[in-house]
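Numbers restart at 1 for each chain; the letters A, B, ... are given by sequence-line order, proteins then strands.
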There are 2 protein chains.
Amino acid sequence: MTAEAKPKASRQRATWKQDPEAVKADILRVAREEFAAHGLSGARAQEIASRTKTSKRMIFYYFKDKESLYREVLEQAYRDVRNGEKALELENLDPVAALRKLVSYTFDHHRQNEDFIRLVMIENIHRGSHVAASETIKAGNSPAVEQLQEILERGMQQGIFRSDINPLQLHWKISGLCFFNVSNESTFSVIFGNEIATQEGQIALRDDVVHTIVNSVLV
Amino acid sequence: MTAEAKPKASRQRATWKQDPEAVKADILRVAREEFAAHGLSGARAQEIASRTKTSKRMIFYYFKDKESLYREVLEQAYRDVRNGEKALELENLDPVAALRKLVSYTFDHHRQNEDFIRLVMIENIHRGSHVAASETIKAGNSPAVEQLQEILERGMQQGIFRSDINPLQLHWKISGLCFFNVSNESTFSVIFGNEIATQEGQIALRDDVVHTIVNSVLV
DNA sequence: TTCGCAATTAACCGATTGGTTCAAAGCGAT
DNA sequence: ATCGCTTTGAACCAATCGGTTAATTGCGAA
């Protein structure tokens, strides 16, 4: 009963049976999976609710409507991915090794975050209107381009990289290959067989992508 | 009244006011646009009907249900694109020139067939289940890989191409870059600015893609 | 002219869906 | 004990949506 630490602003609700933050987090987690699986119009509020510990009522109580929920899912997904871009410590590596590491990391990272890839696909179907509406997504764009630029500058100084490389274009190429690998795996496998989707195929492909990118910047 | 040319099998209905083939074609055209714009679950039967010269009833009369219509739209889209892959006459060019032409053609082709790209995106959201269910799509896969293989062989014989190039992987890389360019333009522009989406940006990008691909096969 | 099938229209329907109403319960503060 | 705000549950609802019923017309064939 000793009122130890009772800040007015920060609500101390760890002891509550009612735990709104946990409920919201639960909804967001399930909603991300459902939106990633079925798209904005394809996902069903009832289905999200069923897979949650709470009820459909709470979805609209906390998130207003379906589209707002979708927007929050998107924002959280971008936030998670950015936080997940752990420090690669590329500064200590020579430019070629740094670039190799960055590319293969991106390749694996996309592969491991399929839900995020699918959300971005869905968002592109919507012509990016929801990411455009989100200031937080637009504001904190990933440090990938700056990292690249730093690597490129070092490589140019050493005379091993071409001097006419556009960092944004290079980032675009890396993203494109790593993204496409995940986004189009289904149709590509159906039409050309799953040679590339197998584990060995993916290893060979990653090597190829790394090689192709590195090769494109060497003098 | 002289019953001139009245084949039993091939119905001569050019003179009819009722023209089922035209009605079906009209529905398919609008349906393709609507599915490409809003996805399978997002597209509305009523909206498709409204933009057609006919009624909603006719959609279900000719196409059974929404999913069947979607499947026919997909098949027609793949058919159109394959027919549109006009003869590039690459045989007469030296291997490098042939490859350059193939890549830049693919780049432009994807750019010009946005609806098709979007249908493929949507299909990947559905994990390719509808293309997998279509024998006609699986059967006639594009001649792109064979064309590539032919170019690669000539290049290898001349000693200017590496001997360890996997044609399918090379096709994958070309597809990936050209596809991503269209599919992810929206989100990429929102986050990194539209430098790449501008006309000049696209020209520079195409040159870069061609260069990157060619560079990746040279010894 | 009439028969019979294909094509077409208008009205209709049941199920689903996103979203709400309303009242009750949890809980900190006093 | 009780006030007042937040959180929750159950039932409910209006609109939307894919799909259908049933009756009508167009038209070639006999």
Side-chain angles (χ1 to χ4, degrees), chain A residues 1-28 30-31 34-35 37-73 130, chain B residues 1-28 30-31 34-35 37-73 130:
Chain A
M1 303 300 176
T2 60
E4 50 192 0
K6 202 195 308 174
K8 189 182 177 183
S10 72
R11 303 160 183 211
Q12 184 70 30
R13 281 187 181 161
T15 60
W16 280 36
K17 251 189 263 177
Q18 300 182 159
D19 192 346
E21 295 309 315
V23 171
K24 284 169 76 169
D26 191 27
I27 293 171
L28 275 175
V30 175
E34 288 294 316
F35 282 129
H38 309 292
L40 172 51
S41 54
R44 301 286 163 235
Q46 185 54 253
E47 179 63 21
I48 295 173
S50 302
R51 295 186 44 207
T52 298
K53 272 173 288 187
T54 182
S55 63
K56 193 175 70 164
R57 172 70 180 81
M58 301 311 289
I59 293 175
F60 296 100
Y61 177 67
Y62 283 124
F63 297 96
K64 187 185 163 192
D65 57 22
K66 198 188 187 184
E67 219 175 300
S68 302
L69 174 60
Y70 170 77
R71 232 179 291 128
E72 290 219 34
V73 163
H130 307 90
Chain B
M1 307 302 175
T2 59
E4 51 193 0
K6 201 194 309 176
K8 190 181 176 185
S10 71
R11 303 161 182 208
Q12 184 71 32
R13 281 188 181 160
T15 60
W16 280 35
K17 253 189 262 178
Q18 299 182 162
D19 191 345
E21 295 308 315
V23 171
K24 284 170 76 168
D26 191 25
I27 293 172
L28 275 174
V30 176
E34 288 293 317
F35 282 129
H38 309 292
L40 173 51
S41 54
R44 300 289 164 232
Q46 184 54 254
E47 180 61 22
I48 295 173
S50 302
R51 295 186 43 207
T52 298
K53 273 172 288 187
T54 182
S55 63
K56 191 177 70 163
R57 174 69 182 80
M58 300 310 288
I59 293 174
F60 296 100
Y61 179 66
Y62 284 124
F63 298 96
K64 186 185 164 193
D65 57 23
K66 198 189 188 184
E67 219 174 300
S68 302
L69 174 60
Y70 171 77
R71 231 178 292 127
E72 289 219 34
V73 163
H130 306 91

Notebook entry, point to check: Could you give the distance from OG1 (B:Thr54) to CD1 (B:Ile48), rounded to the nearest 0.5 Å?
Noted result: 12.5 Å
Checklist line | From B:Phe60 atom CZ to B:Ser68 atom OG, the distance as rounded to the nearest 0.5 Å | finding: 10.0 Å
Item checked: Residue that, paired with B:Thr52, satisfies side-chain contact (heavy atoms from CB on, under 4.5 Å) out of B:Val23, B:Asp26, B:Ile59, B:Leu28 -> B:Asp26
Mind calculating the distance between [atom1] ([X]) and [atom2] ([N]) to the nearest angstrom?
| X | N | atom1 | atom2 | value |
| --- | --- | --- | --- | --- |
| A:Glu34 | C:dT17 | CD | C1' | 15 Å |
| B:Glu47 | D:dG18 | CD | P | 11 Å |
| B:Lys24 | C:dT8 | NZ | P | 11 Å |
| B:Phe60 | C:dT9 | CZ | P | 16 Å |
| B:Glu21 | C:dA6 | CD | P | 14 Å |
| A:Gln46 | C:dG18 | CD | P | 9 Å |
| A:Lys56 | C:dG19 | NZ | C1' | 7 Å |
| A:Leu69 | C:dT17 | CG | C1' | 15 Å |

Notebook entry, point to check: Contact class for B:Ala49 (heavy atom, under 4.0 Å): base, sugar-phosphate, or nothing?
Noted result: nothing
Margin query: Just to be sure I understand the rule, does B:Tyr62 reach a base, reach only the sugar-phosphate, or reach nothing, if contact means heavy atoms closer than 4.0 Å?
Written below: sugar-phosphate
So which nucleotide from [options] ends up closest to the side chain of [X]?
| X | options | answer |
| --- | --- | --- |
| B:Thr54 | C:dT9, D:dT8, D:dG18 | C:dT9 |
| A:Met58 | D:dG9, D:dG19, C:dG19 | D:dG9 |
| B:Arg44 | D:dC17, C:dT8, D:dA10 | D:dC17 |

Next item on the list: List the atom of B:Ala43, the atom of B:Lys66, and the distance in Å for their closest heavy-atom pair.
Entry: O-NZ, 2.9 Å
Note to self: Distance criterion of 3.5 Å, no angle test: do you see the side chain of A:Lys66 paired donor-to-acceptor with the base of C:dG19?
What the structure shows: no
Margin query: Regarding D:dT21, can its base be found pairing with the side chain of B:Arg57 as donor and acceptor, where the two atoms are less than 3.5 Å apart?
Written below: yes
Check: Quick one: does B:Arg44's side chain have a donor or acceptor within less than 3.5 Å of a partner on B:Ser41's backbone?
Finding: yes
Margin query: D:dT8, OP1 or OP2 - any side-chain N/O from A:Tyr61 closer than 4.0 Å?
Written below: no
Checklist line | Short side-chain N/O contact to C:dT8 OP1/OP2 from B:Ser55, under 4.0 Å | finding: no
